[in-house]
Amino acid sequence: MSYVDDAFYRDLAAEFTDWQSGDRRLLDPALLESCRGILHLEARLLDEGRFEDWLALFADECLFWVPGSPGGDPKREIAVSFDDRRQLEGRIYRLRTGHAWSQVPQSRTSRIIGSVEAFRAGNEAVCMVRSSFLITELRGGETRTFAGWNAHRLARAGNGWKILVKQINLIDCDQNLRNPSLLL
Amino acid sequence: MNISISSRPLHDWDALVQADRAHRILYTDPAVFQEEMTKIFGAVWVYLGHESQIPKNDDFIATKLGLRPVILLRDSAGRLRALYNRCTHRGSTVCRAASGSAKAFQCPYHGWTFHNSGRLAGVPWPDGYACDFKDDKFNLAQVSRVESYRGFIFGTLNPEMPTLKEYLGEAARPLDDWIDRNPGGRITVCGANRLKYRGNWKLAYDNSCDGYHVVFSHRSLLEMENRLEKDPNKGMSYYKSKPDEAPMYCRCYGRGHHLKDKRPNVEKRAGALWEIEGAHPGKERYEAKLRERFGKEADRWLDLASSEPINLTIFPNLLILGNHIQVLEPVSVDETDTVWYGTAIVDGPDIPPGVAEDINALRLRTQEGFPTFGEVDDLTNFEEIQKGLAAQEDEWIYMHRGMDIPGRITTDERGIVTGPATDEVFMRLYIHHWKELMKSNPVLSVKRTP
Ligand code: FES
Ligand SMILES: [Fe+2]
């Protein structure tokens, strides 16, 4: 069952507009450290191919979103990816079939996450995190890179965080991408 | 100004393109590719863009005609033009934006400025020149013939080409069907999934009507779609077991155009398409919203969010797939860009207010599925073909499926050829058309007088 509806798009648009302003920056070192913690964990799980464990970092009602142009509005243009939970599960299911030829053999990746900044997001239970990423990929004997920045919308869960939204902003999102089938 | 092409054949084409097979160098020889860029991507009607990408006067997009950088635009007088993006001074591109609106283009190098009709508007410090800048040779070159068929804009440099309508021939009918299924026949391009692969452009063309690969190349997608279904008849599942016995068919119209028509697999009633659509984001919520408003009548709108089950291919670079407008852009002999433009329906008097917005909220999401979960596997297989073709002594690519089997393939009085969905008859017909084009000696011309 999909939970994506008008309210979902409306909230998403509001949450992802003007959120990186200086006056919203969160500077508490402990908070920043815990945000870095989930980002680093996420990167490691993906590099290790532990996709199910990675999925467990997401909230039940989540979004995995790769815009197809900088700032691309998902109501006005198709995205590279716009997965609700069911589709994100499908994405992993497909990779696990062993017949997803674009990932047979599977990419080896090494991710670097940096420039992490956190921003207030309306209420204490949620925060927005911006980070830069560099993914180096080896597949088919060739090494390539994917670069850009992530926006994570995180919700407090116990002592840690769950990912509500992961927005992946590839610097080349509006260019012709070669085999973007790895999990970004 | 005419551009002559050497009349000496590059290869013995009849030896390289035979009844049942084609030679590997069609895909690997840079000289063949260079010649294709004139004899095909230049000499036939080549798809350039959709009118919804340049809706207003002065709107432009950057595109290509083969390898030629072109600015496709609607000039200040409303006329469609494809200007060469190539300054007449020393050759720089004059436009570096992917899209926008401009009455004129000023070359960033020395400041020569051109109206969007292509005419030279002026050069800095003209007193340093003795020439007459009114001479047409200083205007931007432009594609000599640009025509639109119901919003689909094509260009050719070949004065010998028939009109675009004639070129499309009977293939215009399924294109009409595809356009007319949308309210008022109106669609608008809404972004794109842009992919590239390391392989020759013809590998994508060979695949355009290929019903043989589906259950193998797209096995992971079929398994992903069917994981949720009690009823295993969703999506592309009609390719399983015996696809040649299904009512779908492959049809070839001549000039390299062909259609895979899967519509006969689907019941002819409102809602039948929506029922086989996969589980995309928003599916249940928007369906419930429309049902609350329209009840059973919502079916006819929901069908518009579903993928139209056709693959229509217009030689050499336009593929209508589901709701996508896919364009092939050759880059080099072993590199190709494929751009999957999304399409959305447009409000109008024939559609209740708000419906287009809700349908498009679904339709954008249904279109993202195939490029991400299906096409990537095809492109990988194309790349693996290109690698395989490096084996020089193993020369042939076979395309003889369905050949010489009595009664399997039929030709009607108009010359339209129809066969089962997995046959390679479309490949044989288009590559023979390709061969005739490669044997031809078209005289291409650009226009300089706006
Ligand atoms: S190259 Fe354009 S003005 Fe010189
Ligand atoms: Fe395919």
Side-chain angles (χ1 to χ4, degrees), chain A residues 1-10 61-69 72-105 139-142 170 172-182 184, chain B residues 98 189-198 216-225 227-228 278-286 288-289 324 329 331 335-344 357-358 360-361 363-365 367-369 371-373 375-381 383-384 387:
Chain A
M1 187 58 187
S2 183
Y3 40 79
V4 173
D5 58 9
D6 288 336
F8 184 90
Y9 283 114
R10 208 181 310 119
E61 295 200 355
C62 61
L63 176 68
F64 174 82
W65 176 21
V66 187
S69 71
D73 177 351
K75 285 285 292 281
R76 299 184 63 83
E77 57 177 56
I78 53 178
V80 176
S81 304
F82 193 93
D83 294 356
D84 58 6
R85 169 166 279 276
R86 178 173 59 195
Q87 188 150 300
L88 189 53
E89 287 169 1
R91 186 177 289 275
I92 292 170
Y93 184 96
R94 191 183 88 84
L95 296 174
R96 293 298 192 211
T97 61
H99 309 296
W101 310 120
S102 49
Q103 279 298 310
V104 179
R139 194 181 170 277
E142 286 177 63
L170 291 167
D172 52 356
C173 62
D174 56 356
Q175 305 297 303
N176 289 77
L177 303 171
R178 182 161 171 233
N179 193 2
S181 61
L182 76 173
L184 290 169
Chain B
V189 165
C190 53
N193 286 123
R194 296 169 192 274
L195 296 166
K196 74 158 63 250
Y197 66 92
R198 288 272 171 82
F216 302 96
S217 195
H218 300 304
R219 183 166 165 186
S220 68
L221 173 55
L222 291 170
E223 289 179 12
M224 171 192 158
E225 285 184 339
R227 84 191 192 280
L228 301 166
H280 296 287
K283 184 172 202 247
E284 292 83 359
R285 292 292 180 92
Y286 282 97
K289 184 181 176 194
H324 281 103
E329 297 181 353
V331 176
E335 187 172 358
T336 306
D337 288 341
T338 79
V339 187
W340 296 64
Y341 292 99
T343 64
E357 192 186 339
D358 289 344
N360 288 335
R363 178 165 162 149
L364 264 60
R365 301 292 85 84
Q367 290 177 92
E368 285 153 3
T372 341
F373 300 122
E375 185 64 6
V376 285
D377 291 340
D378 275 348
L379 299 186
T380 297
N381 285 326
E383 293 199 349
E384 295 298 325
K387 284 186 196 165

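To find a chain, count down the sequence lines: A is the first, B the second, and so on, and within it residues start at 1.
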Novice: Out of A:Arg85, A:Gln103, A:Arg91, which one racks up the most heavy-atom pairs below 4.5 Å with chain B?
Specialist: A:Arg91
Novice: Who in residues 62-69 of chain A is close to chain B, using a strict under-4.5 Å heavy-atom cut-off?
Specialist: none
Novice: What residue among B:Thr380, B:Asp377, B:Asn381, B:Thr372 forms side-chain hydrogen bond (donor to acceptor under 3.5 Å, both in side chains) with A:Ser102?
Specialist: B:Asp377
Novice: First locate atom CE of B:Met224, then atom OG1 of A:Thr97, and finally report the distance between them rounded to the nearest 0.5 Å.
Specialist: 10.5 Å
Novice: Side chain, backbone, both or neither: which part of A:Tyr93 has a non-hydrogen atom closer than 4.5 Å to chain B?
Specialist: side chain
Novice: Which pair of heavy atoms, one from A:Arg94 and one from B:Phe373, lies closest together, and at what distance?
Specialist: NH1-O, 3.3 Å
Novice: Just verifying a value: how many Å separate B:Asn360 CG and A:Ile78 CD1, rounded to the nearest 0.5 Å?
Specialist: 12.0 Å
Novice: So which part of B:Glu375 gets closer than 4.5 Å to some heavy atom of chain A, the side chain, the backbone, both or neither?
Specialist: neither
Novice: So, B:Arg365 and A:Asp84, do they make that salt bridge, N to O below 4.0 Å?
Specialist: no
Novice: Non-hydrogen atoms of chain B under 4.5 Å away: do they reach the side chain of A:Phe8, the backbone, both or neither?
Specialist: neither
Novice: Between B:Val339, B:Asp358, B:Leu195, who has the most heavy-atom pairs with chain A when the cutoff is under 4.5 Å?
Specialist: B:Leu195
Novice: Should A:Asn176 and B:Glu335 count as side-chain neighbours, where that means a heavy-atom distance under 4.5 Å?
Specialist: no
Novice: For B:Phe216, does its backbone N or O pair with a side-chain atom of A:Trp101 as donor and acceptor, under 3.5 Å?
Specialist: yes
Novice: Measure B:Ala361 against the heavy atoms of chain A and call it side chain, backbone, both or neither at under 4.5 Å.
Specialist: both
Novice: For chain A, which of B:Lys387, B:Glu357, B:Arg198 has the most heavy-atom pairs under 4.5 Å?
Specialist: B:Arg198
Novice: Given heavy-atom pairs under 4.5 angstrom as the criterion, report whether the side chain, backbone, both or neither of A:Arg178 touches chain B.
Specialist: both
Novice: Contact between A:Asp6 and B:Tyr286 at the side-chain level, heavy atoms closer than 4.5 Å - yes or no?
Specialist: yes
Novice: Quick check on the interface: out of B:Pro371, B:Gly282, B:Ala288, who has the most heavy-atom pairs with chain A under 4.5 Å?
Specialist: B:Gly282
Novice: Using heavy-atom distances under 4.5 Å, tell me whether B:Glu223 contacts chain A through its side chain, its backbone, both, or neither.
Specialist: both
Novice: Please classify the contact between B:Ala98 and chain A as side chain, backbone, both or neither, with a heavy-atom cut-off of under 4.5 Å.
Specialist: neither
Novice: Identify which of B:Pro281, B:Gly342, B:Cys190 forms the greatest number of heavy-atom pairs closer than 4.5 Å to chain A.
Specialist: B:Pro281
Novice: Can you name the nearest heavy-atom pair linking A:Pro180 to B:Val376, along with the distance?
Specialist: CD-CG1, 3.9 Å
Novice: Please identify, among A:Met1, A:Arg96, A:Glu89, the residue contributing the most non-hydrogen atom pairs under 4.5 Å to chain B.
Specialist: A:Met1
Novice: Working to the nearest 0.5 angstrom, can you tell me the gap between A:Glu77 CD and B:Asn193 CG?
Specialist: 10.0 Å
Novice: Search all heavy atoms of A:Arg86 against all heavy atoms of B:Lys283 and return the closest pair with its distance.
Specialist: NH2-CB, 4.0 Å
Novice: Is the shortest heavy-atom distance from the side chain of B:Glu383 to the side chain of A:Asn179 under 4.5 Å?
Specialist: no
Novice: Flag yes if more than 12 heavy atoms outside A:Arg76 fall under 6.0 Å of its CZ atom; otherwise flag no.
Specialist: no
Novice: Work out which heavy atom in B:Arg285 is nearest to a heavy atom in A:Asp5; give both atom names and the distance.
Specialist: NH1-OD2, 2.5 Å
